[in-house]
K.L.:
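Can you keep this structure in mind? I'll have questions shortly.
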Amino acid sequence: MSVSQNPSEAATSPQEREARYNPSEIEPRWQQRWAEQPELYAMEPASSNKPKYYVLEMLPYPSGQLHMGHVRNYAIGDALARYMWMQGHNVLHPMGWDAFGLPAENAAIKNNTPPREWTLSNIAAMKRQMDRLGLSYDWRNEVTTCLPDYYRWNQWFFIRMFEKGLAYRKKSKVNWCPQCATVLANEQVINGYCWRHEDQLVEQRDLEQWFLRITNYAQELLDDLGKLDGWPEKVRTMQQNWIGRSEGTEVEFDLEDSASAPEDEERERGKGTEVLPFLETSKKTGKKIAVFTTRVDTIFGATSVQLAPEHPLVKEFAASDEKLASEVTSLIEQQKKAREAGDIGEIEKHGVFTGHYAINPFSGERLPIWVANYILLDYGTGAIMSVPAHDERDYEFAKKYGLEVRIVILPRRTIDPETGKDAEPMLPYTAEDSLLINSGDFNTLGNEEAQKKMAAFAEEKGFGKATVTFRLKDWGVSRQRYWGTPIPMLYCEKDGIVPVPDDQLPVLLPDNVAITQENGSPLGRVPEFVNATCPKCGGPARRETDTMDTFVDSSWYFYRYTSAKDDKAPYDSDAIAYWFPIDQYIGGVEHAILHLIYSRFWTKMMRDLGLIKNDEPVQRLFTQGMVIKDGSKMSKSKGNVVSPDDMIARYGADATRAYALFAAPPDRDLDWQEDGVAGVSRFLSRVYRFVNRYAGYTGGAAQSTPASQALQRKLHQTIAKITIDFSGRWHFNTCIAAIMELVNTLTAAEPAIAAGEVSDAVLADTLRDLVLLLAPFAPYLSCELWEKIGGQGELLRTPWPKADESLAKEDAIEIPVQVNGKLRSVVRIAADADQDTTRDAALADEKIKAALEGKQVVKLILVPGKLVNFVVK
RNA sequence: GCCUGGAUGGCGGAAUCGGCAGACGCAGCGGACUUAAAAUCCGCAGACCGCAAGGUCGUGGGGGUUCAAGUCCCCCUCCGGGCACCA
């Protein structure tokens, strides 16, 4: 049998002849139209009398490819922006590129493409993808951080900070990632691993680096978390932990003037439990060991002093004690390994007695000084008093080395009923609510009171004071890389560190720099860059060759959006005053303590420079969930990546975006199922065909037929539901489900429409509002259909439909009727039926009659409009 | 270890204030249209018992409060995320 032409083609059914939803035809057409009217998505000036709304999504790194996480992020932001426009706001919805960073250098090495070229072509590609998605960005204020018109202001800020002492240079132990071949900030080290290279352990190196004094703001950053009630609790807690404020007391212990290296026998003595008696002041060396403790109330229980292996005093001790030196080296090694492996909390505790003693200023006792691998140099003072009875770590250590355990606090009211004496607590005993014993003049005090009195005592006697310690460290911003903002500093033999004068900014990043994996800044190998003139003395100067951490770029980019083209200032203060704070910021939770803490710091710094008025950049923060496929996060290494381009090609941008919103509430993880995208696409297709089919139904007065009323009811219920959700809950998945229900209702009403039971005007209104409701979620289709039904004016500026409560109201409702809490029947009654009517209707029901047969009703629960429950015996 | 989010049909999820558990969608099954298929449309669909009417069970597990619990309280299990010798 040969294949022949289809004879029935001419006789296709009316539905087959209907226009087919074809996103690959609709979407490019509208893209072009939107591209031709950039004012469509433009912000209006501050003089606008509309309420402002600044909606911001985190700017991407231009890797060259959008991934589904981006699509989800932008779909959420875009829906909100479009809704806000329709609600009559002046919307700022900008986008930009976090365009400096290491991948560009790696690409340069791999493909021999200059970083700038690689980055700019990636930006062009991703911008095309964004445009295909139909995102409503105001590209006129695009920010690209790798361009001099942006990074010059990084340099400008840096110099302002230098002038204020907020940017400074110091030598210190820093995190070094061998793969990045550069230093990392503390925030960029995740459990000892590099934040960009999940398998790369970070090393510690001693380097001289630039730091920003974020610790000046530690307290304010902490306090103001309280103001951020539009932020997820989770993020606030994470920042709070990161800042890590702890209140305590710093106490100075005198160093005893003791012998040099101890004999082996004496080394053993330090391990003994005996705390040696009071020593005269004449034996003091004048040297002090500062110790930080949050539990000064337990200081009489201290039985040793423990130093971090890298504590300067340890170096001193070790200088004249070879045996100690070698043991310390091994302790340092252990600590380094543990830190690098990210399990510093799990290594076995090791320590060694130094042969030296310190004097407890409260008790006058001499305590052996030990070095231990669990003491961190960079927290507190790098030294602790060890109180084994009341600290878990000290207890573990003391047990191992046989140090004395002395109880100095007891729980309140724990008299042993048999002996009539205080019961000994289980050790280590660390409770806050306790009483002091064996503590000299401080006996019987409650621990909280004791802490206050002891701190005051220490201060009075001059050997200590109450202090606050933060875990947060200053932000190391130097990077030994090429593709970043040059740090605008000069080193002059005569004048020392000199900032580049403002009128010489920007310090341009030179092109044609050989990028290699060698250590040291690539810029250091460019003599034209390095050799400069000192602006003070006119003599030769060397230029700083490190560049800035790229988190500097993203710390203030959202200010630049309000006046991205300004070449006189980083931004326009009036515009900032109008637009800030950002009304809604949307992004992944992975930046909770990186970008989001730096940004808060930067804002406070700018405020203190007198540049802006606001204390915080972001009013409301939303952190979306991850995109999951087959049970794990989409990633190249897992091979479960779904390409947005692929989805768009197959189902269209509208379906792809709408699915990203439909499959889960935005704050939860989203399971990507391609069949689901197909389902959403089918839904859009139904809408398309339905609206086209009835686009001609217009005009006339609304007639109040039952079918019309039913349609209006569903419509206004849908409007109300979606409007409420936009106001805060953001469960767009149920919004889209509600629109699907509305469309199902419309489809089911087709016979009634055909029978003329639905008034044309009502049908027309319903279609019109349906198109408007769909606009935030499927903008292409909405615009197409808006035109089809003869919508006047720009869809984006058309007011969002208003729910009419009286139309939304049901006139008859179904009430569940229970007997003893079990559902037995459902009765249909008028929505405004009173209690008696409701009860009578329930009693009249046959099934209820049967269920109540022979029983005695002891109680009647009647919740108006909700339910009836007969409690029977 | 501490903090946090979660666990609901075969799957994604819904139930916003303690009041009909499973909206909406996917996959599945049956039917219409078609020579056939695709597309589309209509219908069924938590589990178990039953021809049916109907009944019993059911929101990770155990207890409790209540006329009524996915929802509130107590205890526990598992999964995800964050922090972790921070003195």
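Just so we're on the same page: letters track the sequence lines, and every chain starts at 1.
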K.L.:
Nearest to the A:Q673 side chain among B:rA87, B:rC83, B:rG12, which nucleotide is it?
P.N.:
B:rG12

K.L.:
Taking side chain to side chain contact (heavy atoms under 4.5 Å, CB included) as the definition, give me every residue that meets it alongside A:D671, ordered by chain and number, with sequence neighbours left out.
P.N.:
A:I628, A:Q673

K.L.:
With no hydrogens and no angle check, do the side chains of A:T430 and A:Y395 hold a donor and an acceptor under 3.5 Å apart?
P.N.:
no

K.L.:
In this structure, how many angstroms lie between the C1' atom of B:rG25 and the CG atom of A:L684, rounded?
P.N.:
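Going from A:L684 (CG) to B:rG25 (C1'), I get 12 Å.
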
K.L.:
When the aromatic ring centroids of A:F362 and A:F463 are compared, is their separation below 6.0 Å?
P.N.:
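They qualify: ring centres under 6.0 Å apart.
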
K.L.:
Flag the pair A:R393 and A:D391 as a salt bridge only when some basic side-chain nitrogen lies within less than 4.0 angstrom of an acidic carboxylate oxygen.
P.N.:
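A:D391 and A:R393: salt-bridged.
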
K.L.:
Would you check if there is a donor-acceptor pair between the side chains of A:T237 and A:Q239 at a distance under 3.5 Å?
P.N.:
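No.
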
K.L.:
Give every residue pair that meets the side-chain hydrogen bond (donor to acceptor under 3.5 Å, both in side chains) criterion with at least one member in residues 674-685 of chain A, sequence neighbours excluded.
P.N.:
A:R650-A:E674, A:Y651-A:E674, A:S685-A:R689

K.L.:
Please tell me if A:R682 has a side-chain N or O lying less than 4.0 Å from either OP1 or OP2 of B:rA27.
P.N.:
yes

K.L.:
Can you name the ring-ring contact (aromatic ring centres under 6.0 Å, His included) partners of A:W672, sequence neighbours left out?
P.N.:
A:Y659

K.L.:
What is the distance from CD1 of A:I722 to P of B:rC24, rounded to the nearest Å?
P.N.:
15 Å

K.L.:
When rounded to the nearest Å, what value does the distance between P atoms of B:rU71 and B:rA37 take?
P.N.:
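About 48 Å, rounded to a whole number of Å.
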
K.L.:
How long is the line joining OH of A:Y379 and C1' of B:rA87, in whole Å?
P.N.:
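Taking atom C1' of B:rA87 as the reference, OH of A:Y379 is at 7 Å.
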
K.L.:
Going by a 90° cut-off around 0, is B:rG9 syn or anti?
P.N.:
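With its glycosidic angle within 90° of zero, B:rG9 counts as syn.
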
K.L.:
Show every salt bridge (charged side-chain N to carboxylate O under 4.0 Å, His left out) that has at least one partner inside residues 853-866 of chain A, sequence neighbours left out.
P.N.:
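Listed by first then second residue: nothing to list.
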
K.L.:
Taking the same atom, P, in B:rU8 and in B:rC57, what whole-Å distance lies between them?
P.N.:
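After rounding to an integer number of Å, I get 22 Å for this pair.
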
K.L.:
For nucleotides B:rC44 and B:rG5, find the distance between their P atoms and express it as a whole number of Å.
P.N.:
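These two P atoms come out 40 Å apart once rounded.
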
K.L.:
Quote, to the nearest angstrom, the C1' distance that separates B:rG70 from B:rA7.
P.N.:
11 Å

K.L.:
Specify the glycosidic conformation (syn or anti) of B:rC17, with syn defined as within 90° of 0.
P.N.:
syn

K.L.:
Nearest whole Å is fine: how far is B:rG55 C1' from A:K847 NZ?
P.N.:
13 Å

K.L.:
For the ring pair A:Y374 and A:F397, is the centre-to-centre distance below 6.0 Å?
P.N.:
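Between A:F397 and A:Y374, which both carry aromatic rings, the centre distance is below 6.0 Å.
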
K.L.:
Would you classify A:Q306 as touching base, sugar-phosphate or nothing, given that sugar-phosphate means primed atoms plus P, OP1 and OP2, and contacts are heavy atoms under 4.0 Å?
P.N.:
nothing

K.L.:
Which is true for A:G244 with a 4.0 Å heavy-atom rule: it touches a base, it touches only sugar-phosphate, or it touches nothing?
P.N.:
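Nothing, no heavy atom under 4.0 Å.
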
K.L.:
Near RNA chain B, counting only heavy atoms under 4.0 Å, which residues of residues 858-873 of chain A show up?
P.N.:
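When residues 858-873 of chain A is checked for heavy atoms under 4.0 Å from RNA chain B, the hits, listed by number, are A:K859, A:I861, A:V863, A:K866, A:L867, A:N869, A:V871.
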
K.L.:
Apply side chain to side chain contact (heavy atoms under 4.5 Å, CB included) to A:A450 and list each qualifying residue two or more places apart in sequence or on a separate chain.
P.N.:
A:D297, A:L436, A:L445, A:M454

K.L.:
Applying side chain to side chain contact (heavy atoms under 4.5 Å, CB included), name anything that partners A:Q240, two or more places apart in sequence or on another chain.
P.N.:
A:L222, A:L225

K.L.:
Does B:rC20 have its OP1 or OP2 closer than 4.0 Å to a side-chain nitrogen or oxygen of A:R824?
P.N.:
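The answer is no; no side-chain N or O of A:R824 sits under 4.0 Å from OP1 or OP2.
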
K.L.:
So, for A:I813 and A:E810, which heavy atoms are closest and what is the spacing to 0.1 Å?
P.N.:
CG2-CB, 3.9 Å

K.L.:
In this structure, which stretches of RNA chain B are paired as stems of three or more consecutive Watson-Crick or G-U pairs, both distances less than 3.5 Å?
P.N.:
B:1-7 with B:77-83, B:10-12 with B:24-26, B:28-32 with B:40-44, B:46-49 with B:54-57, B:60-64 with B:72-76

K.L.:
If you look at every heavy atom in A:L843 and A:K849, which pair is closest and at what distance?
P.N.:
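A:L843 and A:K849 have their closest heavy atoms at O-CG, 3.4 Å.
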
K.L.:
Between B:rU56 and B:rA69, how far apart are the two P atoms, rounded to whole Å?
P.N.:
15 Å

K.L.:
If each of A:G821 and A:D391 is mapped to the nucleotide of RNA chain B with the nearest heavy atom, which maps nearer the 5' terminus, i.e. the 5' end?
P.N.:
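Looking at the nearest nucleotide for each, A:G821 comes out on the 5' side.
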
K.L.:
Does a side-chain N or O from A:K714 land closer than 4.0 Å to OP1 or OP2 of B:rA23, or not?
P.N.:
no

K.L.:
Using atom types as modelled and distance alone, determine if a side-chain donor or acceptor of A:D394 lies under 3.5 Å from a backbone N or O of A:V387.
P.N.:
yes

K.L.:
Quick one: side chain to side chain contact (heavy atoms under 4.5 Å, CB included) partners of A:K822, sequence neighbours excluded?
P.N.:
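Testing A:K822 for side chain to side chain contact (heavy atoms under 4.5 Å, CB included), a comparison that skips the adjacent residues, returns A:R824.
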
K.L.:
Mind calculating the distance between CD (A:E590) and P (B:rG80) to the nearest angstrom?
P.N.:
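One finds 19 Å between P of B:rG80 and CD of A:E590, rounded.
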
K.L.:
If I pick the P atom on B:rG60 and the same atom on B:rC67, what distance separates them, to the nearest angstrom?
P.N.:
25 Å

K.L.:
Using nucleotides 13-18 of chain B, report all nitrogen or oxygen pairs with the protein that are shorter than 3.5 Å.
P.N.:
residue: B:rG13; atom: O3'; partner: A:N733; partner atom: ND2; Å: 3.4
residue: B:rA14; atom: OP1; partner: A:N733; partner atom: ND2; Å: 3.0
residue: B:rA15; atom: OP1; partner: A:R729; partner atom: NH1; Å: 2.9
residue: B:rA15; atom: OP1; partner: A:R729; partner atom: NH2; Å: 3.0
residue: B:rU16; atom: O4; partner: A:K721; partner atom: NZ; Å: 3.2

K.L.:
At 4.0 Å (heavy atoms only), tell me whether A:D667 reaches a base, stays on the sugar-phosphate, or touches nothing.
P.N.:
nothing

K.L.:
For residues 717-746 of chain A, pull every pair meeting salt bridge (charged side-chain N to carboxylate O under 4.0 Å, His left out), keeping only residues two or more places apart or in separate chains.
P.N.:
A:K714-A:E741, A:K721-A:D725, A:D725-A:R729

K.L.:
Ion pair present between A:K399 and A:E396, side-chain N to carboxylate O less than 4.0 angstrom?
P.N.:
no

K.L.:
Nearest-nucleotide wise, let me know which of A:P816 and A:F683 is further upstream toward the 5' end of RNA chain B.
P.N.:
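First, find each residue's nearest nucleotide; the 5'-ward one identifies A:P816.
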
K.L.:
Round to a whole Å and report the spacing from CZ of A:F292 to C1' of B:rC85.
P.N.:
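These atoms are roughly 15 Å apart.
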
K.L.:
Over how many whole Å does the gap from A:Y659 atom OH to B:rC26 atom P extend?
P.N.:
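So the two atoms are 11 Å apart, to the nearest Å.
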
K.L.:
Between B:rG54 and B:rU34, how many Å separate the two P atoms, rounded to a whole number?
P.N.:
38 Å

K.L.:
At a heavy-atom distance below 4.0 Å, what parts of residues 233-241 of chain A sit against RNA chain B?
P.N.:
A:K234, A:T237, A:M238

K.L.:
Taking only side-chain nitrogens and oxygens of A:R689, does any of them come within less than 4.0 Å of OP1 or OP2 of B:rA39?
P.N.:
no

K.L.:
Could you check how far CG of A:L742 sits from P of B:rG25, rounded to whole Å?
P.N.:
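So the CG-P distance, A:L742 to B:rG25, works out to 12 Å.
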
K.L.:
When you measure from the side-chain N and O atoms of A:T469 to the phosphate of B:rA87, is any distance below 4.0 Å, counting only OP1 and OP2?
P.N.:
no

K.L.:
How would you label the contact of A:I375 with the nucleic acid (heavy atoms, under 4.0 Å): base, sugar-phosphate, or nothing?
P.N.:
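Base, at least one base heavy atom under 4.0 Å.
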
K.L.:
Roughly how many Å apart are B:rG19 and B:rC72, using the C1' atom of each and rounding to a whole number?
P.N.:
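Their C1' atoms lie roughly 14 Å apart.
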
